[in-house]
*Asks:* 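The structure that follows is given in the form of structure tokens.
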Amino acid sequence: MWFKKSFAFLPAIALAFFMSACSDDSSSGPNGGDEPGSSNSQGNSNGEDYVDGVTYVSITEIMYNAPDSSALEWVELSIVSGDAIKDMEFNELRLEGAVTYNFPAEPLDKGEYIVVANDLELFKKTYPEFKGRLFGPWGDDIKTGTLAKLANEGDVIDVKLRGNGDMSCSYSKEPPWPSLADGNGHTLVYVGGNAAQASSWAASKKVGGNPGAADEYIKPTKVRLNEIQPFVLGSSEGWVELYNAGDAEVDITGWIFESKYSGKSWTLAKGKVPAKGYLVLQADDATVFGEEVVFNQKGGEYYLYEVVSGKKTGAESSLMLAASTLTSGVVEVSDGSIAQGALASATEGKANAGLKMGPLYINEIYYHPPEYEPSAIPFEFMELVNRSKESVNLYVTKAGKSKGWKVEGINMEFSSGTIVPADGLVLLLPDSLSGKEAAVRSQYGIADDVVIGFYKGKLSNRGELIAVKQPFDYDDFTDASNPTALVQWYYDWSDAALYSDSWSGLEDADGYGKSLQRDKFDVMGYEASAWKAATPTIGKK
């Protein structure tokens with residue numbers, strides 16, 4: 001597979017697009033671990049699947065939001081499979097995405113941990129006992145004199161090697177990612193599995209982490225936030241359901257329940273969660289919370305913290321409540337992992353229903369065009385389909401404010417006037433093709449009624465979470481004295497897929513000319529069984 005061929009017979013427009021729009025991620029090896037496990041999922045890692053004879057380097061620790069307003073940020077790397085690297089520059093070991101750095105002509109031994117920081121002097125001052133190899137600064141520090149920073153909200157850092165062995169490493173501040181790593185002094189530690197998944201990361205036990213060496217980490221609590229019903233006038237005062245995945249009853253008396261939306265926390269006065277069982281806490285039960293709790297329909301982040309002998313252990317469970325009148329919760333995926341989202345129906349005190357889906361669904365994902373063989377479509381793309389019987393306006397106006405639907409994972413937000421007809425298609429292209437819409441339509445025979453949009457991000461060749469979200473409500477923090485303050489929008493989910501290049505039977509979509517195409521719409525996009533690998537049908541059903 002890995003040899004070059006002539007592109008002479010490619011269509012002219014395709015050849016022009018190939019050089020500017022095709023992915024430079026050369027990985028074709030499988031990426032194991034549980035799915036889903038990104039910004040809206042959690043699960044138990046089954047471990048990363050590696051190709052024999054290929055060296056894999058992963059980020060093993062991340063400090064993305066240092067405490068006490070420190071500007072210091074750093075990432076630690078190590079070989080997680082395969083042989084040592086004699087020359088990192090020769091093997092083109094580099095970081096791309098949220099961090100940009102090319103490693104010099106030095107070796108990397110197995111079992112060695114190296115660190116790349118945005119500020120070398122500040123790192124040395126913060127970690128005076130560090131004795132490993134330190135690299136950096138990353139990004140454009142030297143050119144611009146500015147300090148490169150990671151987005152606190154989350155991002156993806158790609159570890160690249162020439163040939164096989166690339167890995168995508170994600171981080172985020174949102175549930176189910178550990179809150180201790182979000183400005184609270186701890187780091188994110190890689191615990192194994194798919195490094196693009198939240199299930200593969202945990203908070204360090206040690207404050208400040210342990211750069212340059214292996215880390216101990218905090219294991220999640222056996223009791224999880226399983227479902228939350230928001231307040232609905234005339235229907236429900238709201239409730240929160242806990243599930244105990246362990247083999248023994250857990251007394252949660254003294255544990256802390258927190259709402260990031262309201263900025264309040266409550267110490268639970270009583271409660272026992274049976275082994276492999278459920279406990280439902282009613283929001284108006286003052287004997288548990290001390291007062292009535294309001295779960296707002298605008299959603300938000302909720303946390304349950306384990307407390308032993310009056311102190312937090314660091315173990316926690318978290319749930320992102322979707323902006324909706326429906327409940328939000330977790331559901332088990334066939335691979336044994338757990339996904340979060342708005343549920344199709346409330347299931348108080350019992351196993352949760354499936355995730356709510358629609359009206360817009362992810363229909364096709366062409367995430368890894370062939371790189372060393374000719375291809376009729378040499379650029380990545382995505383498709384959405386409206387499966388409702390009515391048109392869908394992708395630009396919402398509510399109480400005088402307007403906002404477009406968005407597609408998380410590829411940095412896409414729709415603009416005013418974007419309307420998808422019933423049973424209609426939306427074709428999403430990388431913004432490197434912006435301005436070439438007419439040429440794309442002509443080259444690939446795309447009908448005029450297919451909506452075309454352009455996104456700023458990039459589809460990962462390893463797999464990632466793609467979520468289609470619609471604006472539900474907002475908080476307006478502006479006033480006459482502060483007209484530039486934030487208008488905070490809250491979103492409901494329409495569909496999501498956490499695709500993987502290791503899905504069994506779908507490997508042909510990973511650089512072999514096929515795309516992932518939705519085969520089942522009654523199964524959520526997290527499931528591999530919802531997809532098939534087939535010849536791309538750009539702009540067509």
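What's counted below: heavy atoms across the whole structure, side chains too, no hydrogens, waters or symmetry copies.
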*Asks:* Does Tyr190 reach the main-chain N or O of Gly193 with its side chain, forming a donor-acceptor pair under 3.5 Å?
*Replies:*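 Answer holds: yes.
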*Asks:* In terms of heavy-atom contacts, does NZ of Lys520 have more than 12 from other residues, nucleotides or ligands at under 6.0 Å?
*Replies:*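 Atom NZ in Lys520 is not crowded, with 12 or fewer foreign heavy atoms closer than 6.0 Å.
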*Asks:* Within the structure provided, determine whether Leu459 and Tyr499 are in side-chain contact (heavy-atom separation under 4.5 Å).
*Replies:*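 The answer is yes, as the side chains (C-beta and beyond) meet within the 4.5 Å cut-off.
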*Asks:* Indicate whether the side chain of Asn244 and that of Tyr278 have a donor and an acceptor atom separated by less than 3.5 Å.
*Replies:*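 No - no donor-acceptor pair under 3.5 Å links their side chains.
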*Asks:* Please test Val57 against Met167 for side-chain contact (heavy atoms from CB on, under 4.5 Å), starting from the C-alpha separation and ending with a verdict.
*Replies:* CA-CA 7 Å; Val57 179; Met167 294 186 69; over 6 Å; no
*Asks:* Between Asp510 and His368, which heavy-atom pair has the shortest distance, and what is it?
*Replies:*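 Here Asp510 and His368 meet closest at OD1-ND1, 2.6 Å.
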*Asks:* Return the OH to CG distance between Tyr64 and Asn152, rounded to the nearest 0.5 Å.
*Replies:*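 Going from OH on Tyr64 over to CG on Asn152, the span is 7.0 Å.
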*Asks:* I'd like to know whether the aromatic ring centres of Tyr361 and Phe521 sit less than 6.0 Å apart in this structure.
*Replies:*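 Here the rings of Phe521 and Tyr361 have centres that are less than 6.0 Å from each other.
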*Asks:* Looking at Gly349, is its backbone amide N or carbonyl O close enough to the side chain of Glu241 to form a donor-acceptor pair, meaning the two atoms are under 3.5 Å apart?
*Replies:*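 Side chain of Glu241 to backbone of Gly349: a pair is present.
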*Asks:* Any chance you could lay out the salt bridge (charged side-chain N to carboxylate O under 4.0 Å, His left out) test for Glu96 and Lys458, step after step, and finish with the verdict?
*Replies:* CA-CA 12 Å; Glu96 295 183 356; Lys458 176 189 177 299; over 6 Å; no
*Asks:* Asp423 and salt bridge (charged side-chain N to carboxylate O under 4.0 Å, His left out): which single residue from Arg387, Lys541, Lys389 fits?
*Replies:*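 Running salt bridge (charged side-chain N to carboxylate O under 4.0 Å, His left out) over Arg387, Lys541, Lys389 with Asp423 returns exactly one hit, Lys541.
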*Asks:* Would you check if there is a donor-acceptor pair between the side chains of Glu348 and Gln282 at a distance under 3.5 Å?
*Replies:*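 There is such a pair (donor and acceptor under 3.5 Å, judged by atom type) between the side chains of Gln282 and Glu348.
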*Asks:* Salt bridge or not between Asp492 and Lys356? Use side-chain N to carboxylate O under 4.0 Å.
*Replies:*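 Looking at Asp492 and Lys356, the cut-off is met.
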*Asks:* Is a side-chain donor or acceptor of His186 paired with a backbone partner of Leu180 at a separation under 3.5 angstrom?
*Replies:*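 Absent.
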*Asks:* Working to the nearest 0.5 Å, report the span between CH2 of Trp177 and CD of Glu301.
*Replies:*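 Nearest 0.5 Å value for the CH2-CD distance: 14.0 Å.
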*Asks:* If every non-hydrogen atom of Ala323 is compared with every non-hydrogen atom of Lys298, which pair is closest and at what distance?
*Replies:*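 Nearest heavy atoms, Ala323 then Lys298: CB-O, 3.5 Å.
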*Asks:* Heavy atoms only: give me the nearest Leu343-Val331 pair and the separation to one decimal.
*Replies:*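 Minimum heavy-atom separation between Leu343 and Val331: CD2-CG1, 3.8 Å.
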*Asks:* So, taking the atom named NZ in Lys270 and the one named CG in Leu279, what distance separates them when rounded to the nearest 0.5 Å?
*Replies:*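 Taking NZ in Lys270 and CG in Leu279, the distance rounds to 10.0 Å.
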*Asks:* Are any of the side-chain heavy atoms of Met63 and Leu72 separated by less than 4.5 Å?
*Replies:*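 Counting from C-beta outward, Met63 and Leu72 never come under 4.5 Å.
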*Asks:* Hey, are Glu408 and Lys469 close enough for a salt bridge, meaning a charged N less than 4.0 Å from a carboxylate O?
*Replies:*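 A salt bridge links Glu408 with Lys469.
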*Asks:* Please examine the side chains of Trp266 and Ile256, heavy atoms only from C-beta on, and report whether any two atoms are closer than 4.5 Å.
*Replies:*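 With C-beta onward as the side chain, the pair stays apart.
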*Asks:* Is the cationic atom of Lys260 (NZ for Lys, CZ for Arg) positioned less than 6.0 Å from the six-membered ring centroid of Tyr303 and within 45 degrees of its normal?
*Replies:*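 Yes, Lys260 lies over the aromatic ring of Tyr303.
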*Asks:* Report yes or no: is the cationic atom of Lys312 (NZ for Lys, CZ for Arg) under 6.0 Å from the centre of the six-membered ring of Tyr305, at an angle within 45° of the ring normal?
*Replies:*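 Yes, a cation-pi geometry holds between Lys312 and Tyr305.
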*Asks:* State, yes or no, whether a side-chain contact exists between Leu360 and Val385 at a heavy-atom distance under 4.5 Å.
*Replies:*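 No. Closest side-chain heavy atoms not under 4.5 Å.
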*Asks:* Run the salt-bridge test on Glu364 and Arg518 with the 4.0 Å N-O cut-off and return the result as yes or no.
*Replies:*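 Judged by the 4.0 Å cut-off on N to carboxylate O distance, Glu364 and Arg518 do not form a salt bridge.
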*Asks:* Compare every heavy atom of Ala528 with every heavy atom of Leu506, then report the nearest pair and how far apart it is.
*Replies:*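 Minimum heavy-atom contact is CD1-O, 3.9 Å.
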*Asks:* Where do Tyr455 and Glu380 land on the side chain to side chain donor-acceptor pair (under 3.5 Å) test, with the steps shown first?
*Replies:* CA-CA 11 Å; Tyr455 55 87; Glu380 65 176 46; 2.7 Å; yes
*Asks:* One pair to check against side-chain contact (heavy atoms from CB on, under 4.5 Å): Tyr395 and Ser402. What are the steps and the verdict?
*Replies:* CA-CA 7 Å; Tyr395 197 73; Ser402 298; 3.4 Å; yes
*Asks:* Without hydrogens or angle criteria, can the side chains of Tyr171 and Asp182 be said to hold a donor-acceptor pair below 3.5 Å?
*Replies:*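 No, Asp182 and Tyr171 have no side-chain donor paired with an acceptor closer than 3.5 Å.
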*Asks:* Please round to the nearest 0.5 Å and tell me the distance separating atom CG of Asn352 and atom CD of Gln340.
*Replies:*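 Those atoms lie 11.0 Å apart.
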*Asks:* So do Leu304 and Trp255 actually touch side chain to side chain, heavy atoms under 4.5 Å?
*Replies:*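 Yes, at least one pair of side-chain atoms sits under 4.5 Å.
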*Asks:* Take the angle between the ring planes of Phe295 and Phe257 and call it parallel below 30°, perpendicular above 60°, tilted in between.
*Replies:*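 Ring orientation of Phe295 relative to Phe257: perpendicular.
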*Asks:* Working note: Ser78 + Thr60, criterion side chain to side chain donor-acceptor pair (under 3.5 Å); need CA distance, chi angles, decisive distance, verdict.
*Replies:* CA-CA 6 Å; Ser78 184; Thr60 48; 5.5 Å; no
*Asks:* Once the angle between the rings of Phe381 and Tyr366 is folded into 0 to 90°, is it parallel (under 30°), tilted (30 to 60°) or perpendicular (over 60°)?
*Replies:*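 Aromatic pair Phe381/Tyr366 classed tilted.
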*Asks:* Hey, are Ser515 and Gln517 close enough side-chain-wise for a donor-acceptor pair under 3.5 Å?
*Replies:*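 Per modelled atom types, Gln517 and Ser515 side chains form a pair under 3.5 Å.
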*Asks:* Testing the 3.5 Å rule here: is there a donor-acceptor pair between the side chains of Gln488 and Tyr474?
*Replies:*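 No, no side-chain donor-acceptor pair sits under 3.5 Å.
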*Asks:* Just do the side-chain contact (heavy atoms from CB on, under 4.5 Å) check on Glu413 and Trp405 with the steps written out, would you?
*Replies:* CA-CA 6 Å; Glu413 183 171 316; Trp405 284 49; over 6 Å; no
*Asks:* How far apart are the closest heavy atoms of Trp201 and Ile62, and which atoms are they?
*Replies:*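 Here Trp201 and Ile62 meet closest at CH2-CD1, 3.8 Å.
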*Asks:* Salt-bridge test for Lys205 and Asp215: reply yes if a basic N is under 4.0 Å from a carboxylate O, no otherwise.
*Replies:*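 No, this pair does not count.
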*Asks:* Okay, side chain of Asn386, backbone of Glu390: is any donor-acceptor separation there less than 3.5 Å?
*Replies:*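 The answer is yes, because a donor-acceptor pair under 3.5 Å joins these two groups.
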*Asks:* Determine whether the side chains of Ser168 and Ser460 contain a donor N or O and an acceptor N or O closer than 3.5 Å.
*Replies:*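 Their side chains do contain a donor-acceptor pair, which is all the 3.5 Å distance test asks for.
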*Asks:* Is the closest side-chain heavy-atom distance between Leu281 and Leu242 below 4.5 Å?
*Replies:*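 Yes - at least one pair of side-chain heavy atoms lies under 4.5 Å apart.
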*Asks:* Take Thr221 and Glu316 through the test side-chain contact (heavy atoms from CB on, under 4.5 Å) and record every step on the way to the result.
*Replies:* CA-CA 6 Å; Thr221 175; Glu316 66 180 40; 5.6 Å; no
*Asks:* For the CG atom of Asp284 and the CD atom of Glu291, what is their distance to the nearest 0.5 Å?
*Replies:*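 That separation rounds to 12.0 Å.
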*Asks:* Cut-off 3.5 Å, side chains only: do Glu306 and Thr313 have a donor facing an acceptor?
*Replies:*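 Yes - a donor-acceptor pair under 3.5 Å links their side chains.
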*Asks:* Can you check whether Leu321 reaches Tyr302 side chain to side chain, under 4.5 Å on heavy atoms?
*Replies:*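 Contact flag for Leu321/Tyr302 side chains = yes.
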*Asks:* Does any non-hydrogen side-chain atom of Leu394 lie less than 4.5 Å from one of Ile419?
*Replies:*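 No - every pair of side-chain heavy atoms lies 4.5 Å or more apart.
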*Asks:* With rounding to the nearest 0.5 Å, note down the distance linking CG in Asp501 to CG in Asn461.
*Replies:*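 If we round to the nearest 0.5 Å, Asp501:CG and Asn461:CG are 8.0 Å apart.
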*Asks:* Among side-chain atoms of Thr327 and Glu227, is any donor-acceptor pair under 3.5 angstrom?
*Replies:*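 Side-chain D/A pair, Thr327 to Glu227: present.
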*Asks:* Whether Glu249 and Lys276 form a salt bridge (side-chain N of Lys/Arg under 4.0 Å from carboxylate O of Asp/Glu) is what I want to check.
*Replies:*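 Between Glu249 and Lys276 there is no salt bridge, as every charged N stays at least 4.0 Å from the carboxylate O atoms.
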*Asks:* Quick check: closest heavy atoms across Met357 and Asp522, and the distance to 0.1 Å?
*Replies:*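 Smallest heavy-atom distance, with atoms named: CE-C, 4.0 Å.
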*Asks:* Side-chain donor-acceptor pair under 3.5 Å between Ser172 and Glu153, yes or no?
*Replies:*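 Ser172 vs Glu153: no donor-acceptor pair found between side chains.
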*Asks:* Under the side chain to side chain donor-acceptor pair (under 3.5 Å) rule, what do Ser494 and Gln470 come out as? Steps first, then yes or no, please.
*Replies:* CA-CA 7 Å; Ser494 182; Gln470 55 183 310; 4.9 Å; no
*Asks:* Mind running side chain to side chain donor-acceptor pair (under 3.5 Å) on Ser70 and Asp68 for me, showing each step along the way?
*Replies:* CA-CA 5 Å; Ser70 171; Asp68 304 322; over 6 Å; no
